[in-house]
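This report refers to the structure that appears directly beneath it.
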Amino acid sequence: MDTRPSLFRLTTTRVAILLACSTVVAGAHADRGKAAPGVQSSVNLPEQSQGKPPAWAGKAFRQGVVSAANPYAAEAGAKILEQGGNAVDAAVAVAYALNVVEPQSAGIGGGGFMMIHMAKTGQTVIIDSREEAPAGATPSMFVGQPFSRRSLQGVAVGIPGMVRGTEMAVNSYGKLSLSQVLQPAIALADGGFAATPRFVSSTACSSATSRAKNSPAAADYFCPGGDFRAVGSLVTNKPLAQTFRQIATHGADCFYRYMPEKGCDIALGIIEGQQYNQPHLSPIGKGGSMTLDDLAQYQAKLRTPIEGSYRGHRIKSMPPPSSGALTVLQILKLVERFPLGDASQGYGFGTVKTANVMADAMRLAFADRAIWMGDADFAPVPAKGLLANDYVAMRSQLITPGARLDPNPAADDPRPYEVAGLSPATRLAVAAPPVSHENGTTHFSVVDKWGNVVSYTNTIESGYGIGVFAGYQRPDGSFKNHGFLLNNELTDFNTSPTINPFTGTAGFNDVEPGKRPRSSMAPSMIFNPDGSPLMAYGSPGGATIINSVVNVTINLIDHGMTMQEAVDAPRLSVSSANPSITVDPWFPAATVTALGPLGLGYAVNLSDVGSVQTVLIEPKTGKQYGAADARREGTVIGLPRSGGR
Ligand code: GLU
């Protein structure tokens with residue numbers, strides 16, 4: 001079943017030809033488990049809904065698979081695997097390459113979460129390179145500024161984390177040096193690449209207020225002469241190649257410390273770049289407060305993933321400061337009592353009953369997310385309570401197939417389920433709908449021939465971040481451009497000071513100096529019962545990231561789809577307590593009608609949801625598979641290039 005519209009399939013083919021490498025965009029043919037007795041009283045559920053591995057199809061490999069949202073980036077990772085690097089080295093190479101070829105989504109001006117599973121030790125860790133609020137940040141720094149303004153000014157820039165994070169990854173878990181894994185990205189930035197359709201974004205140059213045109217250097221780069229670049233035209237980024245060379249020669253310190261004696265001036269460019277205040281607009285905006293000291297003290301943090309289970313499958317995902325794991329796992333637990341895969345009970349893929357249950361589970365989980373999730377280094381996030389069986393069972397009772405949850409659900413109090421003896425507080429809060437601002441961020445997954453696996457989501461927040469390159473004015477007035485965009489990640493904090501209605505203390509996601517803004521990024525892995533990794537996956541898409549991961553999980557486990565089918569299938573997303581559902585435009589039309597004003601009364605919007613890149617290892621044989629998302633320029637490269645099976 002290829003549920004993608006033909007436009008998506010064409011784009012993928014075109015990109016694959018453009019690169020002329022052994023790109024596999026996995027064809028999707030069901031290889032389903034046999035019909036088996038269902039989890040409840042049902043009769044026809046796939047085996048994976050009873051804890052068996054999900055189905056897979058397509059070409060299999062043994063020397064490693066890279067799955068990324070851009071063909072050049074996938075190629076960079078494959079090259080590093082061929083040079084003897086492991087999955088961590090390859091993932092870092094992909095991250096730097098994406099900074100060149102998908103600069104609007106992620107790069108060294110931002111940060112991300114890299115989940116690593118090492119085959120030898122059986123250890124799964126996450127390197128948290130999330131941006132951090134500078135010492136001068138305050139809870140009210142965004143007050144009075146609408147998103148369209150604050151997200152395009154220096155005040156939104158967090159201390160970038162990717163360079164420290166990738167250095168930690170390579171040094172602690174890789175086989176090659178940071179300098180070696182940077183080489184493919186340096187070659188791409190220096191020698192150039194053919195502009196892909198996504199690079200030539202359809203909105204980047206058309207409007208005066210485009211993020212890509214927020215500053216003169218960015219406008220010159222993305223829209224030279226004020227117009228779009230042509231698809232296929234050669235694009236270079238020499239300043240970025242130079243920045244990468246500085247990092248390759250001197251390490252991450254050359255990014256975080258101003259050391260002119262060594263030729264390290266990137267820090268100066270970051271500080272000056274984040275002072276940007278939209279001087280061409282009235283009133284002039286607000287620059288950031290980041291100092292050289294803020295930059296110099298930044299550290300990546302090693303985190304332990306949160307683990308949960310869904311129908312017998314072990315799933316690990318991203319803990320705070322992300323809301324990823326807690327919300328993904330809570331949604332899955334909320335729907336677990338419903339036989340979503342059983343068409344004989346009116347469920348099955350894309351039906352009104354399944355969509356109704358999924359949507360209301362998302363609304364419940366997002367209501368809790370708004371109150372209880374933030375950087376746990378600063379706020380007492382009740383992570384155990386939010387996933388406690390009794391708490392989730394109580395919340396799940398609120399879901400009734402055939403009726404929309406009404407009124408909108410509010411957060412409840414999971415703390416009594418966390419710590420015995422606490423009495424539930426009065427419920428006061430209704431979750432505020434988060435602002436939707438998609439298009440940035442990218443997810444990629446890698447497995448190597450040793451069985452190490454990486455699941456990495458990386459971001460500069462909005463597409464093009466604040467639309468400003470790091471750089472500074474030289475004494476002669478010319479601009480020293482460092483070639484990378486600065487993030488606007490601090491807009492993921494609450495926009496004004498709030499009070500947690502249960503604790504009476506400051507909102508868990510209010511701005512504080514040194515704090516990391518709440519994320520939705522959810523790099524995830526599914527594990528076999530013996531603890532070996534089965535699959536790595538994740539997505540971009542702001543708060544909808546959580547729902548993309550949930551959809552793919554349910555497609556695999558409840559609907560018996562192959563990995564590629566699970567990625568292609570149209571998704572459903574709700575990212576607040578409000579009854580407003582977004583579905584991919586090719587979601588079953590009759591279901592859209594039945595969910596909308598004519599039926600259950602949800603507001604249903606049509607829009608792309610996410611971009612999921614996955615790798616999977618067949619437990620019995622060790623064969624490796626990849627699947628990528630045609631919503632962007634998803635590309636899978638398997639090794640050896642001579643072919644699979
Ligand atoms: N900044 C977002 C987060 O960390 C990701 C942005 C996006 O995917 O559009 O959740």
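Both counts, for ligands and for their atoms, begin at 1 and track the order of listing. Residue numbers count from 1 along this sequence. Only this structure's heavy atoms are used, side chains among them; waters, hydrogens and symmetry mates stay out. If you're wondering where the values come from, they're calculated on a predicted model, not measured in any experiment.
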Quiz item: Got a sec, which residues hit salt bridge (charged side-chain N to carboxylate O under 4.0 Å, His left out) with Glu512, two or more places apart in sequence or on another chain?
Solution: Lys515
Quiz item: Any side-chain donor paired with an acceptor under 3.5 Å for Tyr276 and Ser215?
Solution: no
Exercise. Any atoms of ligand 1 less than 4.0 Å from a non-hydrogen atom of Glu489? List them with their elements.
Key: 1 (N), 2 (C), 4 (O)
Quiz prompt | Salt bridge present between Arg303 and Asp128 (N-O < 4.0 angstrom) | solution = yes
Quiz item: Relative to the heavy atoms of Gly542, which atoms of ligand 1 are at a distance of less than 4.0 Å?
Solution: 6 (C), 7 (C), 8 (O), 9 (O)
Self-check item: Where ligand 1 meets Asp492 - atom numbers and elements under 4.0 angstrom, heavy-atom basis
Solution: 1 (N), 2 (C), 3 (C), 4 (O), 10 (O)
Quiz item: What residues form a salt bridge (charged side-chain N to carboxylate O under 4.0 Å, His left out) with Lys301, not counting sequence neighbours?
Solution: Asp377
Exercise. May I ask you to check if ligand 1 and Pro540 share an N or O to N or O distance below 3.5 Å?
Key: no
Self-check item: N or O pair under 3.5 Å between Ile545 and ligand 1
Solution: no
Exercise. Under 4.0 Å from a heavy atom of Thr441: give me the atoms of ligand 1 that qualify, with their elements.
Key: 5 (C), 6 (C), 7 (C), 8 (O), 9 (O)
Quiz item: So is Arg130 in contact with ligand 1, going by heavy-atom distances below 4.0 Å?
Solution: yes
Quiz item: Within 45° of the six-membered ring axis of Tyr221 and under 6.0 Å from that ring's centre, is NZ or CZ of Arg229 located there?
Solution: yes
Self-check item: salt_bridge(Asp368, Arg395) N-O dist < 4.0 Å
Solution: yes
